[in-house]
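Following: one structure in structure tokens, then a few remarks.
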Number of protein chains: 2
Amino acid sequence: MLNFSTSEENYIKTIFHLQNGQNTVTTNALAEKLSTRPASVTDMMKKLKAKKLLHYQPYQGFRLSNEGKKVALDIIRRHRLWEYFLAEKLKFKWDEVHVVAEDQLIDKLDEYLGYPKSDPHGDPIPDSLGKMENSEQINLAELAVNKPAEVCRVVNQSDEMLELLQHKKITIGARVEIKRKFEFDHSIEIRLRQSKRNSSDQPSFSISEQLAKNIFVSL
Amino acid sequence: MLNFSTSEENYIKTIFHLQNGQNTVTTNALAEKLSTRPASVTDMMKKLKAKKLLHYQPYQGFRLSNEGKKVALDIIRRHRLWEYFLAEKLKFKWDEVHVVAEDQLIDKLDEYLGYPKSDPHGDPIPDSLGKMENSEQINLAELAVNKPAEVCRVVNQSDEMLELLQHKKITIGARVEIKRKFEFDHSIEIRLRQSKRNSSDQPSFSISEQLAKNIFVSL
DNA sequence: ATTAAAATTTAGACAAATCTAAAAAATACT
DNA sequence: AGTATTTTTTAGATTTGTCTAAATTTTAAT
């Protein structure tokens with residue numbers, strides 16, 4: 001099934017409710033229900049007709065096609081399950097569930113979840129005042145093998161370091177991971193991970209443990 | 001705190017992550033991270049600067065203002081709590097939580113909630129195939145006098161209706177009966193019956209036939 | 001210190017969703 | 001039936017977020 005914008009979904013859902021049975025829905029009725037202008041309704045009707053979600057002849061009103069009804073039911077299902085969740089789990093009053101503001105919702109969700117301090121990836125969750133546990137930064141030499149991390153600080157500004165950073169394109173924010181650690185010469189083999197765009201990994205290269213200790217990463 | 005579009009939020013969150021510490025973020029870095037074009041980034045930066053969410057001088061990179069950081073933390077909080085919920089309650093794998101599709105989400109939510117058949121207003125919830133129970137319900141205006149029934153659905157969510165429900169404590173599942181119908185002004189006198197147990201009746205009150213038509217009951 | 005390359009911004013365009021004002025069609029009213 | 005009123009549609013504009021291509025600024029390299 002295709003994808004619809006929030007606006008399209010709103011129109012579809014509202015038409016479904018207005019066209020009890022097989023009645024045809026009028027432009028004005030729909031405009032009023034959606035608090036919009038008749039002209040906007042007409043515009044949208046053309047689009048929904050083009051997507052075969054409804055039957056529509058100019059000046060004749062409209063009704064959902066079978067496809068449109070399917071979409072409507074899917075939308076209604078989502079909205080009602082969501083409202084059930086708000087009332088049943090987050091303890092909103094049953095007549096509040098329509099107009100729950102984002103902030104309220106998040107605070108209740110936080111409460112419901114038991115004020116977790118970090119998300120499934122281990123990233124810290126700020127509290128409602130924006131306070132967040134300092135995500136611990138560790139130096140690159142201490143990073144576990146194969147664990148991607150983000151370069152967040154470089155404390156040594158020696159020529160050697162700057163040379164390395166520039167040459168290997170290690171920048172703040174770059175994602176890196178360690179491929180291997182070599183005990184015998186205290187070097188580590190690392191690799192930059194490009195963003196999704198360019199998903200082909202860069203070649204790996206080695207740097208000394210000494211230098212690595214000056215590069216800080218966060219998970 | 002003001003309101004931001006999804007797009008703006010994405011930019012703010014991403015800048016926050018890129019500018020670990022007090023570094024300045026570059027146009028290209030941001031464009032790559034967001035899978036968009038540098039020109040689009042510049043456009044958005046102008047907007048965010050106008051909203052005082054970041055410091056920005058052309059060609060000089062940008063960093064979030066204090067206000068911008070506050071907004072970023074709020075966004076991050078929401079996203080991480082949501083991911084925590086997906087993983088902890090809906091049992092998504094920790095590495096799936098980023099890219100959960102709407103359909104999957106709703107099906108898991110349905111499962112988590114125990115496949116409820118109606119929402120907090122008593123409206124039936126379609127199943128994943130779009131099938132919906134239509135239990136025989138009649139509207140309160142059509143209920144016979146002195147015949148107790150159970151409120152199972154309220155279809156009109158106008159302010160007037162919500163006011164009435166709250167004031168008179170009419171809730172889904174409440175037992176009601178009609179004491180009299182007044183033809184002359186199209187009003188009906190109704191009374192809530194407490195549970196069968198406590199049969200001490202509440203005071204009765206009148207509501208318009210018009211409103212009553214929007215309250216559905218089952219016998 | 002110029003020049004070449006890379007990064008960034010501007011200019012101009014487009015799609016989505018809305019609006020106002022005006023035109024056209026349908027309906028209601030003598 | 002013929003006019004007035006209401007409803008609906010069209011035309012043209014606006015806002016948001018994006019894009020491409022060209023211009024500009026910064027940085028790197030000889």
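Just so we're on the same page: letters track the sequence lines, and every chain starts at 1.
Taking each heavy atom of B/Pro38 and B/Asn28 in turn, the nearest pair found is CG-OD1, 3.3 Å. For the residue pair B/Phe16 and B/Leu73, the shortest heavy atom distance occurs at CZ-CD2, 3.9 Å. Between A/Glu83 and B/His121 the shortest heavy-atom distance is OE1-CE1, 3.1 Å. A pairwise comparison of heavy atoms in B/Leu86 and B/Val97 identifies CD1-O, 3.8 Å as the closest pair. The two atoms that bring A/Asn10 and A/Leu34 nearest to each other are O-CD2, 4.0 Å, heavy atoms only.
Spacing between atom NZ of B/Lys49 and atom C1' of C/dT8 amounts to 15 Å, rounded to whole angstrom units. Atom NZ of A/Lys51 and atom C1' of C/dA16 are 10 Å apart (whole Å). For the pair B/Lys33 NZ and C/dA7 P, the computed distance is 17 Å after rounding to whole Å. Remark: C1' of D/dT8 and CE of A/Met44 are 17 Å apart, rounded to the nearest angstrom. Between the CG atom of A/Asn28 and the P atom of D/dT8 there is a distance of 4 Å, given to the nearest Å.
For the side chain to side chain contact (heavy atoms under 4.5 Å, CB included) with B/Phe216, the lone residue among B/Asn139, B/Leu140, B/Ile138 that qualifies is B/Asn139. The residue from A/Glu177, A/Glu189, A/Arg191, A/Arg180 that alone fulfils the side-chain hydrogen bond (donor to acceptor under 3.5 Å, both in side chains) condition with A/Ser204 is A/Glu189. When B/Glu9, B/Lys70, B/Arg80, B/Glu8 are each tested for a side chain to side chain contact (heavy atoms under 4.5 Å, CB included) with B/Ile75, only one passes: B/Glu9.
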Identify each atom pair where a protein N or O and an N or O of nucleotides 13-15 of chain D are less than 3.5 Å apart, giving names and distance.
none

Restricting to nitrogen or oxygen on both sides, can you table the protein-nucleotides 9-13 of chain C pairs closer than 3.5 Å?
from, atom 1, to, atom 2, distance (Å)
C/dT9, OP1, B/Tyr56, OH, 2.6
C/dT9, OP1, B/Tyr59, N, 2.8
C/dT9, OP2, B/Thr27, OG1, 3.0
C/dT9, OP2, B/Thr42, OG1, 2.8
C/dT9, O4', B/Tyr59, OH, 3.4
C/dT10, OP2, B/Lys46, NZ, 3.0

Which atom pairs link the protein and nucleotides 2-5 of chain D when you take only N or O atoms and keep those under 3.5 Å?
none

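Annotation: cation-pi pair B/Lys108/B/Phe92 present, NZ/CZ under 6.0 Å from the ring centroid and within 45° of its normal.
The side chain of A/Ser7 contributes an N or O atom lying less than 4.0 Å from OP1 or OP2 of C/dT18.
Checking side-chain atoms of A/Lys147 against main-chain N and O of A/Ile178 turns up no donor-acceptor pair under 3.5 Å.
Ring pair A/Tyr112/B/Tyr84: centre-to-centre distance not below 6.0 Å.
For B/Ser40, the listed nucleotide lying nearest its side chain is D/dT18; candidates were D/dT8, D/dT18, C/dT18. Between C/dC19, C/dT18, D/dC19, one nucleotide has an atom nearer to the side chain of B/Arg37 than all others, and that is D/dC19.
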